[in-house]
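The structure appears below as structure tokens.
The figures here come from the full heavy-atom set of this structure, side chains too, leaving out hydrogens, waters and symmetry mates. Nothing fancy with the numbering, it's 1 onward along the sequence.
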Amino acid sequence: MEFRQSSKLSEVCYEIRGPVIEHANALEEAGHSVLRLNTGNPALFGFEAPEEIVQDMIRMLPQAHGYTDSRGVLSARRAVAQRYQALGLDEVSVDDVFLGNGVSELVTMAVQALLEDGDEILIPAPDFPLWTAVTTLSGGKAVHYVCDEAADWYPDLDDMASKITDQTKAVEIINPTGAVYPKEILEGILDLARRHGLMVFADEIYDQILYDDAVHHSVAALAPDLVVLTFCGLSKTYRVAGFRSGWLVITGPRQHARDYLEGLTMLASMRLCPNAPAQFAIQAALGGRQSIRELTAPGGALHEQRDRAWEKLNEIPGVSCVKPKGALYAFPRLDPKVHPIHDDEKFVLDLLLQEKIQVVQGTGFNWPRPDHFRILTLPHADDLDAAISRIGRFLSGYRQGR
């Protein structure tokens with residue numbers, strides 16, 4: 001008997017770690033050095049965890065042998081609650097906080113608890129592909145609203161409004177391009193949610209990775225009258241992606257979501273609990289010195305790397321890139337008149353095989369055209385300089401046949 005994958009996976013992709021990674025692994029096994037610019041993994045590029053986080057985990061290991069509360073340890077949940085109270089969300093309590101094995105697990109739980117078959121979630125294009133994949137696996141439909149590259153990758157509110165139907169249950173806010181939405185854009189999205197009775201999913205994992213004069217606005221703080229689920233964690237800001245330590249905070253009128261929250265609590269119980277040792281990193285992280293600010297300020301490593309990547313990408317003929325205002329990525333465009341690429345996965349694979357550089361094709365983020373790719377800005381500025389020069393050299397002689 002042949003065992004085949006579930007048909008539920010037929011519309012699911014996760015190209016950040018998709019098929020191209022198998023070719024990258026094979027190249028490394030053959031002795032080649034591959035520059036991995038596909039996944040935001042700070043530790044891979046020398047960004048170490050703050051020492052106090054590591055020490056707190058070590059000290060608490062003797063107390064982390066057993067299951068914790070299904071929502072997470074009290075001290076960590078209290079630290080998270082206090083973080084959001086400081087943003088003006090005074091009513092947030094420890095009971096509104098769920099800890100998880102990274103934000104990814106919490107996203108999965110939150111979507112599964114909400115959707116019936118055929119329900120829709122508004123998700124941006126480009127997206128973070130987990131949201132689309134989980135929506136599909138939960139029996140729902142991801143409806144992608146357009147983010148406008150010519151407007152700093154801000155959402156097109158008219159396009160978003162046109163895609164709301166009777167089946168729309170929620171709107172998700174994230175942008176993998178490095179955009180940071182201004183207050184008025186967020187208020188426009190929230191007004192749509194308010195008028196159509198939508199739940200709001202706010203993925204704010206990059207809320208402290210900001211450059212220049214960019215300001216992060218808490219979605220929950222802007223809409224205390226809406227049911228908002230805010231997702232965040234330690235992976236990026238605190239450089240401990242491998243700890244898998246994230247949180248979910250529920251705000252807004254709980255009476256409108258009482259049944260939903262019962263379902264979410266049941267899903268939290270089914271996994272027994274989050275990773276116990278990693279939970280003990282949260283209090284130290286949130287209460288300690290916020291060293292990310294030194295990295296993102298002018299002269300900091302992340303700031304310099306963002307600048308260098310943006311400048312070098314725009315120097316390549318036929319390539320343009322909006323300057324990222326946050327996060328750890330750039331999302332450059334390939335001018336179809338200069339680089340007529342019709343299969344961007346093939347472009348990414350060909351780049352890998354020739355230059356030993358792994359990036360992610362734009363369609364992997366549910367962008368509708370094969371004219372973009374995403375690149376990490378985590379490597380040292382000089383390494384980025386060299387890598388992007390190699391990408392430019394590759395593009396200068398690259399042609400795709402049909």
Measure the spacing between [atom1] of [X] and [atom2] of [Y] and express it to the nearest 0.5 Å.
| X | Y | atom1 | atom2 | value |
| --- | --- | --- | --- | --- |
| Leu186 | His217 | CG | NE2 | 7.0 Å |
| Glu345 | Leu349 | CD | CG | 7.5 Å |
| Ile21 | Leu27 | CD1 | CG | 12.0 Å |
| Leu37 | Leu384 | CG | CG | 7.0 Å |
| Leu272 | Tyr67 | CG | OH | 4.5 Å |
| Gln55 | Ile53 | CD | CD1 | 11.5 Å |

task = Enumerate the residue pairs fulfilling salt bridge (Lys or Arg N to Asp or Glu O under 4.0 Å) with a member in residues 106-131, sequence neighbours excluded, ordered by first and then second residue.
result =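 Those involving residues 106-131 are Asp119-Lys169.
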Sequence neighbours excluded - salt bridge (Lys or Arg N to Asp or Glu O under 4.0 Å) pairs with any residue from residues 91-105 =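 For residues 91-105, and leaving out neighbouring residues, the salt bridge (Lys or Arg N to Asp or Glu O under 4.0 Å) pairs sorted by first residue read Arg71-Asp95, Asp96-Arg254, Glu105-Arg271.
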If we ignore hydrogens and angles and just use 3.5 Å, is the side chain of [X] paired with the main-chain N or O of [Y] as donor and acceptor?
| X | Y | answer |
| --- | --- | --- |
| Gln85 | Val92 | yes |
| Asp152 | Tyr154 | no |
| Asn366 | Ala125 | no |
| His380 | Asp382 | yes |
| Ser162 | Asp159 | yes |
| Thr68 | Cys273 | no |
| His256 | Leu226 | no |
| Tyr260 | Ala110 | yes |
| Glu172 | Ile121 | no |
| Thr237 | Gly233 | no |

ask   = Parallel, tilted or perpendicular for Phe394 and Phe347, by the 30°/60° rule?
value = tilted
Kindly indicate whether the side chain of [X], heavy atoms from C-beta on, has any atom under 4.5 Å from the side chain of [Y].
| X | Y | answer |
| --- | --- | --- |
| Val227 | Leu229 | yes |
| Leu328 | Phe45 | no |
| Val143 | Thr165 | no |
| Met109 | Leu248 | no |
| Leu286 | Val80 | yes |
| Thr251 | Pro224 | no |
| Trp310 | Thr377 | no |
| Arg374 | Pro176 | yes |

Determine the minimum heavy-atom distance between [X] and [Y], stating which atoms define it.
| X | Y | value |
| --- | --- | --- |
| Pro379 | Leu376 | CD-O, 4.0 Å |
| Ala387 | Leu35 | CB-CD2, 3.5 Å |
| Ser70 | Ala268 | CB-O, 3.8 Å |
| Cys321 | Asn314 | N-OD1, 2.9 Å |
| Gln361 | Phe365 | O-CD1, 3.6 Å |
| Thr135 | Ala142 | CG2-N, 3.7 Å |

key: Distance flag, aromatic centroids of Trp131 and Phe231, threshold under 6.0 Å   =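 Yes; Trp131 has its ring centre under 6.0 Å from that of Phe231.
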Check against ring pair (Phe, Tyr, Trp, His ring centres under 6.0 Å), Tyr329 and Phe128 = CA-CA 12 Å; Tyr329 316 96; Phe128 180 66; 8.6 Å; no
[X] [atom1]: over 12 foreign heavy atoms closer than 6.0 Å:
| X | atom1 | value |
| --- | --- | --- |
| Arg78 | CZ | no |
| Lys236 | NZ | yes |
| Arg4 | CZ | no |
| Glu48 | CD | no |

message = Please evaluate residues Thr132 and His144 with respect to the criterion side chain to side chain contact (heavy atoms under 4.5 Å, CB included), reporting the C-alpha separation (whole Å), side-chain torsions for both, the decisive distance (0.1 Å), and the verdict.
response = CA-CA 9 Å; Thr132 295; His144 293 102; 2.9 Å; yes
message = side chain to side chain contact (heavy atoms under 4.5 Å, CB included) for Trp367 and Asp344? Distances and angles first, verdict last.
response = CA-CA 11 Å; Trp367 182 248; Asp344 58 351; over 6 Å; no
message = Applying salt bridge (Lys or Arg N to Asp or Glu O under 4.0 Å), can you list everything that pairs with Asp385, at least two apart in sequence or on another chain?
response =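 With neighbours one apart ignored, the set is Arg308, Lys312.
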key: Lys/Arg N to Asp/Glu carboxylate O, Lys163 vs Asp156, below 4.0 Å   =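 So Lys163 does not pair with Asp156 through a salt bridge.
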task = Test Leu313 against Phe373 for side chain to side chain contact (heavy atoms under 4.5 Å, CB included), laying out the working first.
result = CA-CA 11 Å; Leu313 286 165; Phe373 65 97; 4.2 Å; yes
Pair [X], [Y]: side-chain N/O donor-acceptor within cut-off below 3.5 Å:
| X | Y | value |
| --- | --- | --- |
| Tyr84 | Trp247 | yes |
| Thr39 | Asn41 | no |
| Gln290 | Tyr238 | yes |

inquiry  = Show, in sequence, the C-alpha distance, side-chain angles and deciding distance for Thr230 and Val219, and conclude whether the side chain to side chain contact (heavy atoms under 4.5 Å, CB included) test is met.
reply    = CA-CA 8 Å; Thr230 301; Val219 170; 5.5 Å; no
